[in-house]
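Atoms within each ligand, like the ligands themselves, are counted from 1 in listed order.
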Amino acid sequence: MSERGLALLGGLTPARFLAEYWQKKPLLVRQALPGFRSPLSPDELAGLACEDGVEARLILERDGARPWQLEHGPFPEARFASLPESHWTLLVQRVNQWLPEVAALLDHFAFLPDWRLDDVMVSYAADQGSVGPHTDQYDVFLIQGLGRRRWQIDATIGDDAPLLEHPDLRILREFSPTDEWILEPGDMLYLPPGLAHCGVALGDDCMTYSVGFRAPAYRELVTAWVDDVIALLPDTLRFADPDRTPATHPGALSAADRQRIREIIRQTFMHDDAIDHWFGRYITTPAGEAAETAMTVERLVDALRGGLPVRRSEMVRLAFLEEDERFRFYFNGEEIPVPEPLRPLAIHLADGRRIDGSLLPLLDSPAAQDWIAPLLQDGLLEFDDAPAD
Ligand code: SIN
Ligand code: CO
């Protein structure tokens with residue numbers, strides 16, 4: 001990663017941003033993405049919210065059956081004709097999976113590891129629309145795409161702040177802004193996890209793009225790890241004590257028995273390599289199913305030779321780990337063996353969302369082509385119709 005400052009970060013280098021702001025304090029960047037205008041129109045976002053398989057929510061602060069009414073999509077088109085004039089927000093999750101123009105935003109965040117990335121959520125708000133003051137568990141970069149939004153934060157609010165009584169939403173009961181900014185298209189506000197915030201649309205047609213990062217809860221990680229270990233443990237492995245000596249206290253849990261139990265737990269659960277291997281599979285498990293694709297090696301090579309941009313599908317997840325002689329490559333929750341000469345190809349694919357002619361030399365052998373063919377069939381890459389910037 002270069003040590004040049006990034007316009008996205010207001011001229012800070014990624015290293016400085018990470019050291020001073022990431023997970024610590026907010027950063028406002030005026031014109032982080034100069035010229036950025038919502039690649040989606042409000043109508044297109046509403047259209048997406050009507051489609052099956054798209055996770056969409058409507059939040060109505062007023063005019064609902066209760067304050068801050070939450071409705072889940074997919075919505076019938078008619079729903080959008082019956083909305084009030086103001087005070088409502090439409091939120092659509094994972095828009096990067098549906099639109100390459102939105103996925104293109106993620107190219108700017110390559111200074112953060114891919115596995116930490118969650119999605120790009122896009123919101124549309126009518127005048128005064130807001131989802132209420134709240135805290136999120138995640139780091140988020142809020143990029144204004146259309147119209148204006150006033151963001152306020154309350155740096156005095158902690159994790160245990162009182163919430164409104166609401167069956168679904170965690171809205172803060174009290175919120176006294178300690179800072180505020182009005183964002184225009186191209187401006188960006190980074191917020192660390194746990195910082196109370198509230199964004200209100202100023203005027204109609206306010207669209208905000210939230211690039212969100214995931215931070216798995218310990219509970220989620222440990223549960224997934226234990227489930228994995230259990231699935232791999234053969235029933236034949238059992239407590240054994242062929243070296244037992246006579247018990248002095250039949251009621252006691254002896255030191256030797258406790259030691260054996262500790263060993264079983266440690267040996268089963270504490271191997272670094274096994275943990276890494278589980279994590280690679282776990283963290284690359286995709287959220288949705290990749291679309292069928294007609295991409296073949298021939299079509300890919302032709303496209304790249306012709307200068308057509310290709311993009312890694314947002315529906316797949318991949319990662320590699322490399323340490324000493326160890327190299328492992330994970331694709332959609334599975335380990336894919338990589339012969340040593342093909343490691344640069346695997347790394348290239350895992351590192352870059354945007355694929356161009358620099359992939360061609362790496363595909364220049366029958367072994368490479370045979371290796372990538374099944375991944376292409378599983379929807380690894382797609383032709384990109386997003387404008388390059
Ligand atoms: C929004 O885009 O309206 C809400 C984003 C957030 O506060 O997390
Ligand atoms: Co938020």
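- The shortest side-chain heavy-atom distance between Val338 and Phe320 does not fall under the 4.5 Å cut-off.
- Among protein heavy atoms, the minimum distance from atom 2 (O) of ligand 1 is reached at Ser123 OG, 2.7 Å.
- Among protein heavy atoms, atom 8 (O) of ligand 1 sits closest to Asp136 OD2, 3.2 Å.
- Protein heavy atom at the shortest distance from atom 4 (C) of ligand 1 is Val131 CG2, 4.0 Å.
- In summary, Arg260 and Asp257 engage in a salt bridge, as defined by a charged side-chain N under 4.0 Å from a carboxylate O.
- Contact annotation: Trp151 has at least one heavy atom less than 4.0 Å from an atom of ligand 1.
- For atom 3 (O) of ligand 1, the closest non-hydrogen atom on the protein side is Arg149 NH2, 3.3 Å.
- Here is the list of ligand 1 atoms found below 4.0 Å of a heavy atom in His197: 6 (C), 7 (O), 8 (O).
- Tyr21 does not carry Lys24 over the face of its six-membered ring by the limits of under 6.0 Å from the centre and within 45° of the normal.
- Angle OD2(Asp136) to the Co ion (ligand 2) to NE2(His197): 100° [nearest 10 degrees].
- Between Tyr330 and His277, the ring-plane angle classifies as tilted under the 30° and 60° cut-offs.
- Distance check, rounded to the nearest 0.5 Å: CG of Leu376 to CD of Glu298 gives 9.5 Å.
- Between the side chains of Arg262 and Gln259, at least one donor N or O lies within less than 3.5 Å of an accepting N or O.
- Inclusion of Ser210 in the set of residues having an N or O under 3.5 Å from an N or O of ligand 1 is not warranted.
- Annotation for ligand 1: atoms under 4.0 Å from non-hydrogen atoms of His134 are 6 (C), 7 (O), 8 (O).
- Between the side chain of Arg149 and the main chain of Gly199, a donor-acceptor pair closer than 3.5 Å is present.
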